[in-house]
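What follows is a set of notes on a single structure, which appears directly below.
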Amino acid sequence: MIECSIADVKLYEGQEVLIKGWLYNKRSSGKIQFLQIRDGSGFIQVVVEKSKTSPELFDLCDHIAQESSINVIGRVRSDKRAPSGYELDLIDLSLIHLADDYPIALKEHGVEFLMDNRHLWIRTERQSAILRIRHEIIKSAMEYLNNHGFIKADAPIITPATCEGTTDLFEIDYFGESAYLSQTGQLYAEASAMALGKVYTLGPAFRAEKSKTRRHLIEFWMLEPEVAYLDHEGNLKLQEELVSYIVESVLKNRELELKSINRDISKLEEINKPFERMSYDDAVKILQQNNFDIQWGDDFGSPEETFLANLYKKPLFVTEYPKHCKAFYMQPNPERPDVVLCDDLLAPEGYGEIIGGSQRIHDFDLLVKRLEEENLPMDIYKWYLDLRKYGTVPHSGFGLGIERTVAWICGLDHIRETIPFPRMLYRVTP
RNA sequence: UCCUCAGUAGCUCAAUGGUGGAGCGACCGGCUGUUAACCGGUAGGUUGCAGGUUCGAGCCCUGCCUGGGGAGCCA
């Protein structure tokens with residue numbers, strides 16, 4: 001007897017296999033039953049014919065409730081009618097646990113109901129496919145970086161103060177002192193890059209902002225590469241390479257999942273290097289020509305970003321924003337000190353910003369001046385300023401938002417489906 | 001925080017100010033190729049909460065609660 005996963009069933013045509021899984025759905029037609037089962041790796045249909053089954057076994061199959069756990073022994077048969085190309089003819093089945101009335105029907109449900117039942121919703125074909133694609137995105141991103149000499153050097157989640165100075169933080173009691181949940185690992189990644197050269201951090205980021213849109217989570221995951229001796233231009237190239245590699249890997253390794261969520265694959269196949277580029281100056285001109293009420297110096301909102309991104313089929317870099325729109329640590333353009341060497345990477349199809357990156361200020365005096373201009377507390381950044389006192393070098397990095405990348409690659413309407421248990425405004429359960 | 005929409009059966013939704021219904025799910029029965037199967041039957045309700053208007057309120061008014069979508073902020 002071969003025990004195998006549903007994903008591997010294709011390797012055992014004509015043979016008997018044991019699958020340990022759950023009953024996903026059931027249809028019956030009197031003397032024939034169709035059990036759809038799942039095991040986490042995929043879905044397959046088990047055919048139960050009355051004429052080929054004992055009365056006890058046939059009756060057992062007829063009474064298994066949705067999401068009951070079962071072990072199925074069956075013979076693998078290829079069948080053109082099956083979505084995955086294979087079916088199992090039942091030989092034996094044992095019931096591990098008979099499920100109670102299952103709340104989630106394979107029908108339409110409302111958002112609130114599904115979110116209340118997120119712990120069960122993730123069992124559905126669509127949600128589990130999205131989570132497998134999320135895994136592929138994280139795996140391939142790490143694979144790319146690992147293969148290019150990067151060291152994974154994670155940043156702390158509990159931090160003493162704000163890194164960027166603006167956004168709201170979650171405060172925690174750290175043995176009587178105030179500490180905060182990290183909103184970015186970047187400053188620590190910069191320190192690690194000075195030790196290890198090329199590094200990345202991967203971890204959750206927390207923003208206590210009352211954002212209530214389809215693009216925002218309170219807790220989201222961010223991949224933040226940081227590279228010593230890398231300039232702005234090199235930073236853009238690294239982002240292009242990484243994102244193209246991720247898209248290629250998903251297309252190559254998650255074809256079934258993309259199909260099962262009805263993703264238009266042709267749109268992903270157009271994603272290749274080089275990506276589109278546009279300076280902030282040009283972006284303002286284009287927006288003004290298209291009747292946006294915007295002046296040089298204004299930051300873009302999402303309607304502006306969406307308009308710009310929709311001009312192209314590939315991701316778009318918008319570069320060199322005005323200094324005052326961006327964080328204190330970004331390096332001004334030496335030839336034009338009113339703008340900084342930064343980029344936002346906007347995903348196509350209206351998915352908006354998936355990366356924010358920049359070359360960092362490496363000059364001690366300039367960094368101090370910027371901290372003063374932003375009225376940030378100097379003592380908290382003492383260790384960060386040390387990096388500019390002991391062998392400072394030009395360096396660059398960026399943050400890739402995992403969930404927004406998943407939403408774009410999967411073509412989802414809402415970011416809440418991109419992570420197993422989303423944390424959103426006013427929702428912390430399940 | 002602001003703008004906007006919504007709350008009726010376990011779920012998705014109907015119901016002109018005048019006797020609260022249907023589909024799905026559950027349960028019972030029928031059907032040998034179903035793909036969210038189909039057909040027949042049974043059970044299932046404090047219409048989010050509190051007031052008000054009215055002969056009469058699921059429906060109109062006020063307040064509150066909960067949720068959806070959007071803005072700002074950003075990944």
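A, B, ... follow the sequence lines: proteins, then strands. Residue 1 opens every chain.
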Distance in angstrom units between [X] [atom1] and [N] [atom2], rounded:
| X | N | atom1 | atom2 | answer |
| --- | --- | --- | --- | --- |
| A:His109 | B:rG10 | NE2 | P | 14 Å |
| A:Asn117 | B:rG25 | CG | P | 17 Å |
| A:Leu98 | B:rA26 | CG | P | 12 Å |
| A:Asp100 | B:rG25 | CG | C1' | 14 Å |
| A:Ile104 | B:rG25 | CD1 | C1' | 12 Å |
| A:Lys210 | B:rG72 | NZ | C1' | 14 Å |
| A:Asp299 | B:rG72 | CG | C1' | 11 Å |
| A:Ile137 | B:rA75 | CD1 | C1' | 14 Å |

Which value, in whole Å, describes the distance between the [atom1] atoms of nucleotides [N] and [M]?
| N | M | atom1 | result |
| --- | --- | --- | --- |
| B:rG23 | B:rG63 | P | 39 Å |
| B:rU16 | B:rG21 | P | 13 Å |
| B:rG10 | B:rU47 | C1' | 16 Å |
| B:rC38 | B:rG25 | C1' | 16 Å |
| B:rC49 | B:rG67 | C1' | 15 Å |
| B:rU53 | B:rU62 | C1' | 11 Å |
| B:rC60 | B:rU8 | P | 15 Å |
| B:rC39 | B:rC31 | C1' | 8 Å |

Would you say [X]'s side chain and [Y]'s backbone share a donor-acceptor pair under 3.5 angstrom?
| X | Y | result |
| --- | --- | --- |
| A:Ser182 | A:Ile158 | no |
| A:Asp39 | A:Gly42 | yes |
| A:Ser396 | A:Leu230 | yes |

Among residues at least two apart in sequence or on other chains, which ones pass salt bridge (charged side-chain N to carboxylate O under 4.0 Å, His left out) with A:Arg38? A:Glu67
Sequence-distant partners of A:Glu305, salt bridge (charged side-chain N to carboxylate O under 4.0 Å, His left out), two or more places apart: none
Any donor-acceptor pair under 3.5 Å linking the side-chain atoms of A:Gln186 with those of A:Tyr329? yes
Is a donor from one side chain sitting under 3.5 angstrom from an acceptor on the other, for A:Glu417 and A:Gln127? yes
A:Tyr280 and A:Trp296 aromatic centres sub-6.0 Å: yes
Would you check if the distance from the ring center of A:Trp22 to the ring center of A:Phe43 is below 6.0 Å? no
Would A:Leu169 and A:Leu181 satisfy side chain to side chain contact (heavy atoms under 4.5 Å, CB included), going step by step from the backbone distance to the final call? CA-CA 7 Å; A:Leu169 302 171; A:Leu181 296 182; over 6 Å; no
Using a cut-off of less than 4.0 Å, is there contact between a side-chain N or O of A:Thr405 and OP1 or OP2 of B:rA75? no
Mate of [N] where both pairing distances stay under 3.5 Å, Watson-Crick or G-U:
| N | value |
| --- | --- |
| B:rA50 | B:rU62 |
| B:rG33 | none |
| B:rC13 | B:rG21 |
| B:rC2 | B:rG70 |

Does the protein touch nucleotides 28-37 of chain B at the base, only the backbone, or not at all? Give it as B, S and - per nucleotide, heavy atoms under 4.0 Å. ---BBBBBBB
Quiz question: going by heavy-atom distance under 3.5 Å, is there a donor-acceptor pair between the base of B:rC74 and the side chain of A:His216? yes
For the base of B:rC73, is there a side-chain donor-acceptor partner from A:Ser211 under 3.5 Å away? yes
Classify the nucleic acid contact of A:Gly352 as base, sugar-phosphate or nothing, counting any heavy atom under 4.0 Å across all strands shown. nothing
A:Leu217 near the nucleic acid: base, sugar-phosphate alone, or nothing, with a heavy-atom cut-off under 4.0 Å? base
Between A:Glu305 and A:Phe113, which has a closest nucleotide on RNA chain B that is more 5'? A:Phe113
Could you list, one pair per line, each protein nitrogen or oxygen that sits under 3.5 Å from a nitrogen or oxygen of nucleotides 67-69 of chain B, together with the distance?
| residue | atom | partner | partner atom | Å |
| --- | --- | --- | --- | --- |
| B:rG69 | OP1 | A:His414 | NE2 | 3.0 |
| B:rG69 | OP1 | A:Arg416 | NH1 | 2.8 |
| B:rG69 | OP1 | A:Arg416 | NH2 | 3.2 |
| B:rG69 | O3' | A:Arg214 | NH2 | 3.1 |
| B:rG69 | O6 | A:Lys212 | NZ | 3.4 |

A:Lys237 pairs by salt bridge (Lys or Arg N to Asp or Glu O under 4.0 Å) with which of A:Glu241, A:Glu233, A:Glu240? A:Glu233
Would you tabulate the nitrogen or oxygen pairs shorter than 3.5 Å linking the protein to nucleotides 39-45 of chain B?
none

Kindly give the heavy-atom pair with the smallest separation between A:Tyr245 and A:Ser140, and that separation in Å. CE2-O, 3.3 Å
Might you point out which heavy atoms bring A:Pro422 and A:Leu217 nearest each other, and give the distance in Å? CB-CD2, 3.8 Å
Considering only distance and modelled atom types, tabulate donor-acceptor pairs under 3.5 Å from the side chains of residues 147-156 of chain A, sequence neighbours left out.
| residue | atom | partner | partner atom | Å |
| --- | --- | --- | --- | --- |
| A:Asn147 | ND2 | A:Glu143 | O | 3.2 |
| A:His148 | ND1 | A:Tyr144 | O | 2.7 |
| A:Lys152 | NZ | A:Asp154 | OD1 | 3.4 |
| A:Lys152 | NZ | A:Asp154 | OD2 | 2.5 |
| A:Asp154 | OD1 | A:Leu202 | N | 3.0 |

